[in-house]
Visitor: 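My structure is below; once you've seen it, I'll send some questions.
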Protein chains: 2
Amino acid sequence: MTADVRTTAMAAAVGPLPHAPTLEEVAERAGVSRSTASRAINGGLKVSPEAQAAVDVAVAELGYTPNRAARTLVTRRTDSVALVVPEPDERVLTDPYFAGTLQGLSDAFAATEIQLVLLIARRGEEAQRTNRYLRNRHVDGAVIVSHHRDDTLDSVLAESRLPCVFVGRPWTAPRPVQYVDVNNYLGGRRATEHLIAAGCRHIGTITGLLDMAAGVDRLAGWRQALQDAGLPDDAMVRGDFTTAGGAAATERLLQAHPEIDGLFVASDLMAAGALGVLASHGRAVPDDLKIVGFDNLGVAASTSPQLTTMNNPVVEMSRVAGELLLAQITGTATSLEPRIFGAEIVIRASA
Amino acid sequence: MTADVRTTAMAAAVGPLPHAPTLEEVAERAGVSRSTASRAINGGLKVSPEAQAAVDVAVAELGYTPNRAARTLVTRRTDSVALVVPEPDERVLTDPYFAGTLQGLSDAFAATEIQLVLLIARRGEEAQRTNRYLRNRHVDGAVIVSHHRDDTLDSVLAESRLPCVFVGRPWTAPRPVQYVDVNNYLGGRRATEHLIAAGCRHIGTITGLLDMAAGVDRLAGWRQALQDAGLPDDAMVRGDFTTAGGAAATERLLQAHPEIDGLFVASDLMAAGALGVLASHGRAVPDDLKIVGFDNLGVAASTSPQLTTMNNPVVEMSRVAGELLLAQITGTATSLEPRIFGAEIVIRASA
DNA sequence: CGCCGGTGTGGAATCGCTCTCACATCCAGG
DNA sequence: CCTGGATGTGAGAGCGATTCCACACCGGCG
């Protein structure tokens, strides 16, 4: 009967959609019950070798994949996690940092059945939709990237107790929340120390966004290094992590502090912008002025001169974030400690 | 970071999870049957005003959201669409083109309940998982970006008849498949014509990947413009759409054709790489050599000199792609015609 | 007054899966 | 020979929604 139905369906070239095989059909073909088929497919505990083999064959022949909705309905697992991006704008999406996150997470989940749902959380009305989506557990967990000061996500996540991991230290951490991050403070300090060791005595900085931990911490590291060395720490201008922002900031910095001979820029994207401006001002890098950037995500190697920069292992960090989330979801997490990565300097031509 | 952070975390994890309200509970609270409650929630056809009001109140009070899995099981709609990226590597993810796609799609679906599932389709074994995922209709439709020549996706999509729209013309189009794209051929031609009009007589090109339609078409446009003008069309080197690839290609081009005074580069990313190399070779842009790029996605405005380039309205195109897909899914699509956008030139400093 | 069509309602059957539980089978040990 | 545990199996009860269908009710028309 089943065979007849199928061939009929095949024959009709246009109308009916190819109907996805069900567990029932697999079971019938394998000559076992639905229960046994289900067991064979999910780990095969308490299944005889013969039954297992028969089911395997049937699955392969029919191209069977479990219906996710049906499975979710009973197990209450969705086998999907959200990647939450609290900003819709170009800034985040075009940043290689975001691309790295995507790649790392994709690596982490490659071996699992887990799908990545992209949640781009706009402000206002639509933020509510995102919140509801998370709160009602339409995903098993969430990875949050680029967490600003004013986001309401934190409370939503707390009250729903959804497993989650932040990529980059969240601004507020009243409740213990797990995150992965590079040591931004130490990175800023080391970068600046490198400039000092290279002979710079007037070292400026272009900061990142100061409503993000990465921006604040890198700035703090720069300041500490200068204070430790007894050098002035007043040549500071704000940037926004973008190339254009970096260029604009550089103009302002040169105006206010023409004496600088060293520059720590809180991201390579901004450093690339800075290089263009410096060139047009006739300041040679690294001879007149040395630059150290931050991130080392591809941009640094394609500027001229190539950038000396701090390594920011985003792909690796995000992969770890994915694994930590997985551990939380499966309940095998032993602690919610953050995982901090070191920031090594990568020396190229600019300093 | 401190010891008691963890204990607090574990303490917070204890206790019953907030149980999501069901339709049953809504119905009971509203004093109606499950059927009526369901009808009231889904459009409210054939529901009396009183019943509707009672259900609305109950929904609000309980904070009810329909269980997606249960709904999907019966309606066979998943309310999610896949964004398929047939390459896992850095190249695609870091390209601003991809970021633009994300943003456009996110716009298109912002007003709907539809979620975006990111499908990063690796090669080999894992590609099979992706194919199965699509074939078994775990999503209502798919948007495919960056479609190469050797992908097996096409046949999978064809046989499953899954609604889909390509962003960028797919390499193979034996069956009628809908896509959105910029007119790459015309773009390449206009860019080159602009260089000719500016007085260039030896115009080279750095191509994109030649296993993608965008690469081939832009090249064809460049060639046609030169042939029409009776100029030589032999100064062609292959690039790969990346900054580093653009830089390398430029080196090769200068080696083989030092006489060039104009250059059409098939993407701004590659053009940025080219600018660096040209600067280090002492070739002034635009005085010694004029450059026109392609894409105008932010990079073009942050190089120095700023790039003259062809506008590639990716965000807009992807938004349209999302809308076309929506139309296919709801069955309101009137045709599967591709939608082609014009490529306007944006004149800045490089040509 | 009887009948008809339209409206609103609730009962009940699904959708495809997991998982509990009862049962059959088999072998070891008393 | 009987008992007990271990092992594999299948029947069947849900999971939480949608939707078909039968039915009650009501106003209007012949």
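Protein chains get the first letters and strands the later ones, always in sequence-line order, with residue 1 at the start of each. Computed from a predicted structure; not experimentally measured.
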Visitor: At under 4.0 Å between heavy atoms, what does B:A69 touch on the DNA or RNA strands: base, sugar-phosphate, or nothing?
Guide: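 If one applies the 4.0 Å heavy-atom cut-off, B:A69 turns out to touch nothing in the nucleic acid.
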
Visitor: CG of A:L23 versus C1' of C:dT18: gap in Å, rounded?
Guide: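 In whole Å, C:dT18 C1' lies 9 Å from A:L23 CG.
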
Visitor: Take the protein atom CD of A:E50 and the nucleotide atom P of D:dG8, then report the distance between them rounded to whole Å.
Guide: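 After rounding, the gap between these two atoms is 10 Å.
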
Visitor: Under 4.0 Å, heavy atom to any atom of DNA chain C: which of residues 57-68 of chain B qualify?
Guide: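 Result for residues 57-68 of chain B: none.
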
Visitor: Is it the case that the side chain of A:T36 and the backbone of A:V32 share a donor-acceptor pair, with hydrogens and angles ignored and the cut-off at 3.5 Å?
Guide: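 Judged by distance alone, no pair lies under 3.5 Å.
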
Visitor: Please find the pair of heavy atoms, one from B:V167 and one from B:S318, that lie closest to each other, and give the distance.
Guide: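 B:V167 and B:S318 have their closest heavy atoms at CG1-OG, 4.2 Å.
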
Visitor: So, is B:T72 near the phosphate of C:dC15, with a side-chain N or O under 4.0 Å from OP1 or OP2?
Guide: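 So the side-chain polar atoms of B:T72 never come under 4.0 Å of the phosphate oxygens OP1 or OP2 of C:dC15.
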
Visitor: Would you classify A:R76 as touching base, sugar-phosphate or nothing, given that sugar-phosphate means primed atoms plus P, OP1 and OP2, and contacts are heavy atoms under 4.0 Å?
Guide: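 A:R76: backbone/sugar contact only, no base atoms under 4.0 Å.
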
Visitor: What's the CZ-C1' distance between A:R34 and C:dC21, to the nearest Å?
Guide: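 That distance rounds to 15 Å.
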
Visitor: What is the separation between atom NE2 on B:H138 and atom C1' on C:dG16, rounded to the nearest whole Å?
Guide: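 These atoms are roughly 11 Å apart.
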
Visitor: For a quick test of reading the model: is some side-chain N or O of A:S35 closer than 4.0 Å to OP1 or OP2 of D:dG10?
Guide: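 So the side-chain polar atoms of A:S35 never come under 4.0 Å of the phosphate oxygens OP1 or OP2 of D:dG10.
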
Visitor: Take B:P21 and A:L45, find for each the nucleotide of DNA chain D with the closest heavy atom, and name the residue whose nucleotide sits nearer the 5' end.
Guide: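 Whichever sits nearer the 5' end wins; that is A:L45.
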
Visitor: Using a cut-off of 4.0 Å on non-hydrogen atoms, how would the nucleic acid contact of A:T75 be classed: base, sugar-phosphate, or nothing?
Guide: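 The residue A:T75 makes sugar-phosphate contact but no base contact.
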
Visitor: Taking CZ from B:R71 and C1' from D:dC15, how many angstroms apart are they, rounded to a whole number?
Guide: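 After rounding, the reported distance stands at 16 Å.
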
Visitor: Nearest whole Å is fine: how far is C:dG10 P from B:K46 NZ?
Guide: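 Interatomic distance, NZ of B:K46 to P of C:dG10: 15 Å.
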
Visitor: Give a yes or no answer on whether the side chain of A:D140 reaches the backbone of A:T78 with a donor-acceptor pair at less than 3.5 Å.
Guide: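 It does hold such a pair.
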
Visitor: Does B:T36 make a side-chain N or O approach to OP1 or OP2 of C:dG10 shorter than 4.0 Å?
Guide: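 Affirmative; the distance criterion is met.
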
Visitor: Just checking, any donor-acceptor pair under 3.5 angstrom between side chains of B:N67 and A:R76?
Guide: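 B:N67 vs A:R76: no donor-acceptor pair found between side chains.
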
Visitor: How close or far is atom C1' of D:dG14 from atom CD of B:E24, stated in whole angstroms?
Guide: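 In whole Å, D:dG14 C1' lies 13 Å from B:E24 CD.
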
Visitor: So, taking the atom named OG in A:S48 and the one named CZ in A:R39, what distance separates them when rounded to the nearest 0.5 Å?
Guide: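 If I round to the nearest 0.5 Å, the distance is 10.5 Å.
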
Visitor: Side chain of B:S38 only, please: which of D:dT18, C:dT9, C:dT18 is the nearest?
Guide: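 Within the option list, the nearest is D:dT18.
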
Visitor: Do any side-chain nitrogens or oxygens of B:S33 fall under 4.0 Å of OP1 or OP2 in C:dT9?
Guide: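 Checking B:S33 against C:dT9: no side-chain N or O falls below 4.0 Å of OP1 or OP2.
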
Visitor: Using a 6.0 Å cut-off, check whether atom CD of B:E61 has over 12 heavy atoms from anything other than its own residue.
Guide: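 Buried by this count: over 12 neighbours within 6.0 Å.
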
Visitor: How long is the line joining CG of A:L73 and P of D:dT18, in whole Å?
Guide: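 After rounding, the gap between these two atoms is 12 Å.
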
Visitor: What's the shortest heavy-atom distance between A:Y179 and A:V165, and which atoms?
Guide: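 Closest heavy-atom pair between A:Y179 and A:V165: CA-CG1, 4.2 Å.
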
Visitor: Picking from C:dC17, D:dG8, D:dG16, which would you name as closest to the side chain of A:A70?
Guide: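 For the A:A70 side chain, the nearest candidate turns out to be C:dC17.
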
Visitor: Do you know the tightest heavy-atom contact between B:L93 and B:F98?
Guide: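 So the minimum-distance heavy-atom pair works out to O-CD2, 3.6 Å.
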
